[in-house]
Amino acid sequence: MNDILLPVIFVILAIAVIGSLAVLLVRGRRTPPGLYSSPRDPDDQVEGGTHGATSTDVLERPDGLPTGVLVPNDLSGLEEAPAPRLDTVDPVQGRLARLRARLVRSNNALGKGLLALLSRDKIDEDVWDEVEETLLMADLGTEPTMELVDALRARVKVSGSRNPAEVKDMLREELVKLVDPTMDRSLATQRHADRPAIVMVVGVNGVGKTTTVGKLARVLVADDKDVLLGAADTFRAAAAEQLATWGARVGVPTVKSDVDGADPASVAFEAVRTGIEEEVDVVLIDTAGRLQNKVGLMDELGKVKRVIEKQGTVDEVLLVLDATTGQNGLNQARVFAEVVNITGIVLTKLDGTAKGGIVVAIQRSLGVPVKLIGLGEGADDLAPFDAEGFVDALLS
């Protein structure tokens, strides 16, 4: 009996031991807390294994870091990158005062010359001839010059005055009449109910259109306008970048093409479309410089305007003229006016010449007012034109 029982007991013990070992092995293959099994992402590297193999990733705290310890913020000492610093734009009145002072220094040869002639003890025909010559040299134009001389001759003869102050008053009154303070010199930059005001800036090569657009953007920003620029001068290298730089200085965005020689009408159209979507106050369109005697280029300018007006009427077309070009500037103005219906003149470089009379000549020729004047290369050297202030500066 004992001989049979003993082997049975050994078999039972062996089965129990094997079963216990099996249980331990099964438990050892289970994923312990804090571990997960998954096929690795093909781009995930396995330390000590082959790329793309199945493995177990351990989710655990860094070695040596006890539970409950706060991890310091490694970025706490870093500061956010500062926003681009925008230029501070001078208020309009400040710019006007500075520009008038500059105009006094640069143009008073005209006023002083006229006053010296008219203050002589004897004003004969020779004096009047000199007055006439002085006015013509100042680009006043033949017809306005004759009107001014005739009016002064009559007034001086009637009054018989030789007092410099009285003569100066007479000259001032007649010059103000010629410059015509009754002309509307306001800029059409008031937003419409459903779209922004649209302003085109045109002119020949080299007169400073792009710079003028940039300066005008500053003027409008100073007047609390929300402005967008359109770089439709796609023919001149770096024109778009130049305009974008001007805009960035005062926080004004620029719509431009990255393709050299892109269709300017398309760029202008996109700028207006963006301006409508963004609900800005004013869209300023810079156009390519073109010679007034090149018919094809002038036709292209007309096309730009027509394409823009598929979305809204162009409210203002400003012609930029170099004040030093004299009568040639008049010829340019006439041709541009025929193609795009000029509404206002911007006279640049008025500080480098004594030819202030060009203001009168252009207005008389086109029936269009001078609305803005530029008297220097500074960012804020552009200001609204004021007839009486202009004449006072000439005679100072």
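Hydrogens, waters and symmetry mates are skipped; everything else that's a heavy atom, side chains included, is used. For the single chain, residues carry numbers from 1 onward in sequence order.
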Atom pair CG/CG of D126 and L117 - distance to nearest 0.5 Å | 11.0 Å

Given side chains that start at C-beta, do those of V359 and L347 come closer than 4.5 Å, heavy atoms only?
-> yes

Are F269 and V201 connected in a single hydrophobic cluster, I mean Ile/Leu/Val/Met/Phe/Trp/Tyr linked by side-chain heavy atoms less than 4.5 Å apart?
-> no

Set of residues satisfying side-chain contact (heavy atoms from CB on, under 4.5 Å) with respect to E133, sequence neighbours excluded | M137

Calculate, to the nearest 0.5 Å, the distance between atoms CG and CG belonging to D281 and D226 respectively.
-> 5.5 Å

Under the side-chain hydrogen bond (donor to acceptor under 3.5 Å, both in side chains) test, residues paired with S186 that sit two or more places apart = D184

Only counting residues at least two apart or in another chain, list the ones meeting side-chain hydrogen bond (donor to acceptor under 3.5 Å, both in side chains) with S365.
-> R334

Euclidean distance, D381 CG relative to T211 OG1, rounded to 0.5 Å = 11.5 Å

Those residues that, when tested against R191, pass side-chain hydrogen bond (donor to acceptor under 3.5 Å, both in side chains) (two or more places apart) | none

Closest non-hydrogen contact found for I342 with G344 is CG2-O, 3.4 Å

Note, I276 side chain near P196 side chain (heavy atom, < 4.5 Å) | yes

Go through L175 and L171 one step at a time and tell me if the side chain to side chain contact (heavy atoms under 4.5 Å, CB included) criterion holds.
-> CA-CA 6 Å; L175 280 173; L171 178 58; 4.0 Å; yes

What pairs with A240 under side-chain contact (heavy atoms from CB on, under 4.5 Å), at least two apart in sequence or on another chain?
-> A231, K256

State, yes or no, whether a side-chain contact exists between T189 and V199 at a heavy-atom distance under 4.5 Å.
-> yes

Does the side chain of E388 come within less than 4.5 Å of V179's, by heavy atoms?
-> no

Tell me whether V340 is reachable from L366 by hopping between hydrophobic residues (I, L, V, M, F, W, Y) whose side-chain heavy atoms are closer than 4.5 Å.
-> yes

Backbone of V207 reached by a side-chain donor or acceptor of T348 within 3.5 Å | yes

Check whether any side-chain heavy atom of L187 sits under 4.5 Å from a side-chain heavy atom of L372, and report yes or no.
-> yes

Side chains of W128 and V149: does their closest heavy-atom pair fall under 4.5 Å?
-> yes

Report the hydrophobic cluster partners of V259, with the cluster defined as I, L, V, M, F, W, Y residues connected by side-chain heavy atoms closer than 4.5 angstrom, directly or transitively.
-> none

On a heavy-atom basis, the closest approach of G203 and F336 is C-CZ, 3.6 Å

Which pair of non-hydrogen atoms, one from A232 and one from P264, has the smallest distance, and what is that distance?
-> O-CB, 3.2 Å

From E241 CD over to W246 CH2, what is the distance, rounded to the nearest 0.5 angstrom?
-> 16.0 Å

Can you check whether V250's main-chain N or O pairs, donor with acceptor, with R218's side chain at less than 3.5 Å?
-> no

Which residues share a side-chain contact (heavy atoms from CB on, under 4.5 Å) with A265, sequence neighbours left out | D263, K303, V304, V307

Compile the donor-acceptor pairs under 3.5 Å between side chains in residues 313-322 and protein atoms, sequence neighbours left out, one pair per line.
{"from": "D315", "atom 1": "OD1", "to": "H192", "atom 2": "NE2", "distance (Å)": "2.7"}
{"from": "D315", "atom 1": "OD2", "to": "H192", "atom 2": "NE2", "distance (Å)": "3.3"}
{"from": "D315", "atom 1": "OD2", "to": "R195", "atom 2": "NH1", "distance (Å)": "3.2"}
{"from": "D315", "atom 1": "OD2", "to": "I198", "atom 2": "N", "distance (Å)": "2.8"}
{"from": "E316", "atom 1": "OE1", "to": "A188", "atom 2": "N", "distance (Å)": "2.6"}
{"from": "E316", "atom 1": "OE1", "to": "K371", "atom 2": "NZ", "distance (Å)": "3.3"}
{"from": "E316", "atom 1": "OE2", "to": "T343", "atom 2": "OG1", "distance (Å)": "2.5"}
{"from": "E316", "atom 1": "OE2", "to": "K371", "atom 2": "NZ", "distance (Å)": "2.7"}
{"from": "D322", "atom 1": "OD1", "to": "T324", "atom 2": "N", "distance (Å)": "2.8"}
{"from": "D322", "atom 1": "OD1", "to": "T324", "atom 2": "OG1", "distance (Å)": "2.6"}
{"from": "D322", "atom 1": "OD2", "to": "T324", "atom 2": "OG1", "distance (Å)": "3.3"}
{"from": "D322", "atom 1": "OD2", "to": "K349", "atom 2": "NZ", "distance (Å)": "3.2"}

Can you check side chain to side chain contact (heavy atoms under 4.5 Å, CB included) on V280 and V227, steps first, answer last?
-> CA-CA 6 Å; V280 302; V227 181; over 6 Å; no

Of the non-hydrogen atoms in K209 and D286, which two are nearest, and what is the gap between them?
-> CB-OD1, 3.8 Å

The side-chain contact (heavy atoms from CB on, under 4.5 Å) partners of E270 (sequence neighbours excluded) come to V255, R273, T274

Are side-chain heavy atoms of V368 and Q363 found at a separation under 4.5 Å?
-> no

Report the distance from atom CG of L229 to atom CG of L284, rounding to the nearest 0.5 Å.
-> 5.5 Å

Is the shortest distance from a Lys or Arg side-chain nitrogen in R172 or D392 to a carboxylate oxygen in the other one below 4.0 Å?
-> yes

What residues, two or more places apart in sequence or in another chain, satisfy salt bridge (charged side-chain N to carboxylate O under 4.0 Å, His left out) together with E279?
-> none

Quick one: list whatever passes side-chain hydrogen bond (donor to acceptor under 3.5 Å, both in side chains) with Q190, sequence neighbours left out.
-> K225

Just grab all the salt bridge (charged side-chain N to carboxylate O under 4.0 Å, His left out) pairs involving residues 149-161, residues at least two apart or on different chains.
-> E125-R153, R155-E173, R155-E174

Hydrophobic cluster membership, M200 vs V267, 4.5 Å side-chain cutoff | no

Side chain to side chain contact (heavy atoms under 4.5 Å, CB included) assessment of V219 paired with D223 = CA-CA 6 Å; V219 171; D223 196 29; 5.8 Å; no

What's the shortest heavy-atom distance between V283 and G275, and which atoms?
-> CG2-CA, 4.0 Å

How far apart are the closest heavy atoms of T234 and A262, and which atoms are they?
-> OG1-O, 2.6 Å

Test side-chain hydrogen bond (donor to acceptor under 3.5 Å, both in side chains), reference E309, set Q311, R306, K305, output is K305

Under a 4.5 Å side-chain heavy-atom rule over Ile, Leu, Val, Met, Phe, Trp and Tyr, are V202 and V370 clustered together?
-> yes

Heavy-atom side-chain contact between P369 and F385 under 4.5 Å | no

Would M183 and I358 show up in the same hydrophobic cluster when neighbours are defined by side-chain heavy atoms closer than 4.5 Å?
-> no

Straight-line distance of T287 OG1 to I308 CD1, nearest 0.5 Å = 8.5 Å

